[in-house]
Amino acid sequence: MVRISLPRGWRAASLSVGIDIGRDVLRAALMRRRGRQRQVLQLAARRLPPPGSGRDHFSDLDALAGHCRALLPTRAYRDAALVLAIPAASLAHRQLVLPAGANQVQRLSQVRAEMAAHGLGVEEYELDYQVLGPQPGSAGDVQVLAMAAPTLAIEDRLALAEVLHMRLAGLPAEDLCLRDFLRQDRPARTDALLRLDNGSGWLIQGGGASQPLRWTIADAALSLLAELAPLLHQRTHQLLLTGDQPLLDHLPPLFHRYTSLMAAPARLPSCLVLPVDVRTSHPGPLPGFHLAMALAARGLA
């Protein structure tokens, strides 16, 4: 376990911490703003003893907070912004077509009505939406991605921030946050993003929501390729890889051998600066830390 420490000369107003809470590991990224750049100050990870964190509901909030404190310095808790993710597996998505002329209040009301019709009411879920763009063939409508997160997942993360005495700056959806972070240098949106960890996996393409995968760590790599084959769009240019599953290291040659699609670890955005000491202690593309860095960057947006 590596503990994050604060450098000399840091400015509290420009610090952000992203914590990726996995099933059996915590990963944290400490980041600061430098003009248009985002500098990663340090990365840290800590294994969680069984039964782990529970990604939707934290069964032992105090124990989890203790593990978070072991990663971060006291001054970061007092001054840095904190960003946590809502796991993709916890979210329910619906792609809707709504009137383009609606204001934000009207659109949220429309989203609530549509999601309630799918059994996702405001009593048990917190609702949000993202406008994807015009509806093809209908100038008066827009495509909207509606999202529902369990209220319990939201409340647990609010409670964790309160126990840590940190200012919670955001609770973004895991899949959309990672997509926006890793593809910001590739605006054409022709790349798909595949995330695999020890608890779950998902695929996201274009501007829509992620698709959960049935594949588990007990399955063979070729079964993953078989599941992905019918899901990938023909216009997909490249498959970007992220997550902490060791299988990710073996996927690029498998895709090269069995498909025409190139697969490679997702590159970090050009606005991100990794100091020499961070690159030395964490060499390579760092797919396991992608989400923690994406969350920290969201806190500086």
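This is a predicted model, so every value here is computed, not measured. Counting from 1, the numbers follow the sequence of the chain as shown. Any value given below was found using the heavy atoms of this structure, including those in side chains, with hydrogens, waters and symmetry copies removed.
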Under 3.5 Å: donor-acceptor pair, side chain of [X], backbone of [Y]:
| X | Y | answer |
| --- | --- | --- |
| Asp156 | Phe58 | yes |
| Thr280 | Val276 | yes |
| Glu227 | Leu224 | no |
| His118 | Glu114 | yes |
| Arg183 | Gly206 | yes |
| Arg179 | Gly208 | yes |
| Thr259 | Leu261 | yes |
| Gln205 | Leu231 | yes |
| Arg157 | Ala85 | yes |

With a 4.0 Å cut-off, would you call [X] and [Y] a salt bridge?
| X | Y | result |
| --- | --- | --- |
| Arg47 | Asp24 | yes |
| Asp197 | Arg195 | yes |
| Arg27 | Asp244 | yes |

With a 4.5 Å cut-off on side-chain heavy atoms, are [Y] and [X] touching?
| X | Y | value |
| --- | --- | --- |
| Leu203 | Leu232 | yes |
| Leu228 | Leu213 | yes |
| Leu240 | Leu194 | no |
| Phe255 | Met262 | no |
| Leu84 | Leu82 | yes |
| Gln245 | Pro287 | no |
| Arg32 | Leu41 | yes |
| Leu247 | Trp215 | yes |

- Message: I'd like to know whether Leu43 forms a side-chain contact (heavy atoms from CB on, under 4.5 Å) with Leu30, so could you lay out the CA-CA distance, the side-chain angles of the two residues, the decisive distance to 0.1 Å, and finally the verdict.
- Response: CA-CA 7 Å; Leu43 303 172; Leu30 180 64; over 6 Å; no
Q) Could you walk me through whether Met293 and Leu268 pass the side-chain contact (heavy atoms from CB on, under 4.5 Å) check? A) CA-CA 9 Å; Met293 288 188 281; Leu268 294 173; 3.6 Å; yes
Shortest non-hydrogen contact from [X] to [Y]?
| X | Y | value |
| --- | --- | --- |
| His290 | Ala266 | CE1-O, 3.3 Å |
| Leu71 | Ala28 | CD1-CB, 3.9 Å |
| Gly299 | Ala81 | O-CB, 4.5 Å |
| Asp60 | Ala63 | OD1-N, 3.1 Å |
| Asp20 | Ala292 | CB-N, 4.1 Å |
| Cys177 | Leu295 | SG-CD2, 4.0 Å |

Exceeds 12 heavy-atom contacts within 6.0 angstrom, atom CD of Glu124
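No.
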- prompt: Does atom CD of Glu162 have more than 12 heavy-atom neighbours, drawn from other residues, nucleotides or ligands, at distances under 6.0 Å?
  reply: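 No, CD of Glu162 has 12 or fewer neighbouring heavy atoms, counting only those of other groups under 6.0 Å.
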Exercise for review: Assess whether side-chain contact (heavy atoms from CB on, under 4.5 Å) is satisfied between Met31 and Val17, documenting all intermediate values.
Suggested key: CA-CA 6 Å; Met31 193 177 294; Val17 174; over 6 Å; no
Value rounded to 0.5 Å, distance of [atom1] in [X] from [atom2] in [Y]:
| X | Y | atom1 | atom2 | result |
| --- | --- | --- | --- | --- |
| Ile204 | Glu174 | CD1 | CD | 10.0 Å |
| Tyr125 | Ile154 | OH | CD1 | 12.0 Å |
| Gln37 | Cys271 | CD | SG | 8.0 Å |
| Asp180 | Gln130 | CG | CD | 6.5 Å |
| Leu225 | Arg257 | CG | CZ | 11.0 Å |
| Leu241 | Leu248 | CG | CG | 5.5 Å |

Q: Report the C-alpha distance between Leu98 and Arg107 in whole Å, list the side-chain angles of each, state the deciding distance to 0.1 Å, and finish with yes or no for side-chain contact (heavy atoms from CB on, under 4.5 Å).
A: CA-CA 8 Å; Leu98 299 175; Arg107 184 157 292 142; 4.1 Å; yes
May I ask whether [X] and [Y] are part of the same hydrophobic cluster, defined by side-chain heavy atoms of I, L, V, M, F, W, Y residues being less than 4.5 angstrom apart, directly or through others?
| X | Y | answer |
| --- | --- | --- |
| Leu108 | Leu145 | no |
| Leu91 | Val111 | no |
| Leu171 | Met115 | no |
| Leu176 | Tyr129 | no |
| Leu158 | Ile21 | yes |

